[in-house]
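Everything below concerns the one structure shown next.
Every number for a ligand or one of its atoms is a count from 1 in the order of the listing. Positions are given from 1, in the same order as the sequence printed here.
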Amino acid sequence: MKKLKDINNILILGSGTLGLRVGLASALNGYKVVIYDIDEKAFASAKKIHQQLLKILTKAGTYTLEQADLAIQNIRFTTNAKAAAKNADLLSESVTENLDIKKKVWQQFGALCPKKTIFTTNTSSLLPSLYAAETGRPEHFCAFHFHDVFYANVVDIMPNPKTESWMMPLLQDFGKSIQQTPVIVKKESPAYIFNAMLIALIGAAGALVTFDIGSIEDVDRSWMGNFKMSRGPFGIIDEIGLDTAWHVTSPNKDEKSKRFAALLKTYIDQGKLGRKTGEGFYVYPNPRFMEEDFI
Ligand SMILES: NC(=O)c1ccc[n+]([C@@H]2O[C@H](COP(=O)([O-])OP(=O)(O)OC[C@H]3O[C@@H](n4cnc5c(N)ncnc54)[C@H](O)[C@@H]3O)[C@@H](O)[C@H]2O)c1
C-alpha cells in the first residue's frame, strides 16, 4: 500500500496530445517526469506545445515563470524503454488508442518496471480489463482518465475488478496534487462519467434533428438559452470533431444512431470536421451561435 509521499517519479508512455499534457502538469507540480515514446519525432512537437501551454498558463497566472522553468527541467524525453522504466513510481499510459498497441506496451512495461511502480491507463474507449492481464499486476492497475488536463481538469479514476482498494484514494490524492478534480467511477463502465453524459446529450440532439423535430440552431439555442451555456450540442460536436463523433456513433445499429451517423457523414465527406477544419455545423472563427442575436 502506497501513499502520495511515495510518488516522486512519473513515467508517461506516449508523447502525443494527452501524454505531453499529463507530463507537463506533473512536472509543473514538482514531480520528476520521464516521457517515453517509440517515435522520436513526437518529442519535438511535444516540446513546442509545452512552450505554448506554458505561455498561456503563466500569462493567466495559473503558474509562475519559476514553476514553468522548473517544469521544463523536470521533464526528460527518451526512446529507451529500459531506462525510462527504471525508477518509476507511477506510470501513466497515453499511447495510441488501439487494443493491440496497448497490450504490447503493457507487456513490455509490465516486465520492465520495478515492483514499486503503480500502473494507470488513460484510455478513452477501451475497458482496462481488456489488457489488465498484460500488465502482470492487475491489482496495481487502474484507469486514470484525463479530459484535456489544463482547461477541462477532471480525471476519472476507474478500477478494474482486480484493482486493490488503496489505489483509489492514492490516485485521488495524486490527481489533486496536479490540480485535477478526481471523480471515482465505482466499477468498469464504458465512457466513464462525463463522456457517458456527453454521448447521451449528443445522441438526443442528433435525434431531434434527424427525426426533423428541431433545427440544428434551435437545438443549440434551447440548450444555451436554458443553461446560459456558451455553446449547444452541435457547437460542442464542432469542438470535438465530427469525425470523432462519427467513430463513436457509427458502430451502433439502432435507428437513432444510424440516422445521426449518416448526418455526420454528409459533413465529413465535404471536409467539414468542425473547428479544426474551419467548418462543421458552423463556420469558424465566427460561428453563428456566438453572435449576439443568436439567443
Ligand atoms: N486526445 C484526447 O482528447 C484524449 C482525451 C483523453 C484520453 N485520451 C487517451 O489518451 C491516449 C492517447 O491519446 P492521444 O490523443 O494523446 O494520442 P496521440 O496519437 O496524440 O499520441 C499517441 C502517442 O503514442 C505513441 N505510441 C504509439 N505506440 C507506442 C508505443 N508502443 N510505445 C510508446 N509510445 C507509443 C505515438 O507515437 C504517439 O506519440 C489514448 O488512449 C486516448 O484514448 C485522449
**Message:** Using a strict threshold of under 4.0 Å (side-chain N to carboxylate O), is an ion pair present between Asp220 and Arg231?
**Reply:**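 Salt bridge: no.
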**Prompt:** Taking NZ, NE, NH1 and NH2 as the nitrogens, is one of them in Arg221 or Asp218 under 4.0 Å from a carboxylate oxygen of the other?
**Reply:**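 Salt bridge flag = yes for Asp218 with Arg221.
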**Message:** For the residue pair Arg259 and Phe211, would you count it as a cation-pi contact if the rule is NZ or CZ under 6.0 angstrom from the ring centre and within 45 degrees of the ring axis?
**Reply:**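 Yes, Arg259 lies over the aromatic ring of Phe211.
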**Request:** Taking the side chain as every heavy atom from C-beta outward, state whether Glu97 and Leu126 have any pair of such atoms under 4.5 Å apart.
**Result:**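 Counting from C-beta outward, Glu97 and Leu126 do come under 4.5 Å.
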**Prompt:** When the ring planes of Tyr31 and Phe174 are compared, do they come out parallel, tilted or perpendicular, using 30° and 60° as the limits?
**Reply:**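 It falls in the perpendicular class, over 60°.
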**Prompt:** Who are the residue neighbours of ligand 1 when the rule is a heavy atom under 4.0 Å from any of its atoms?
**Reply:**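 Contacts of ligand 1 under 4.0 Å: Gly14, Ser15, Gly16, Thr17, Leu18, Tyr36, Asp37, Ile38, Asp39, Ala42, Ser94, Val95, Thr96, Glu97, Ile101, Lys102, Val105, Asn122, Thr123, Ser124, His145, Phe146, His147.
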**Asked** Could you state the interatomic distance from CD1 (Ile12) to CG (Leu90), rounded to the nearest 0.5 Å?
**Response**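 One finds 8.0 Å between CD1 of Ile12 and CG of Leu90.
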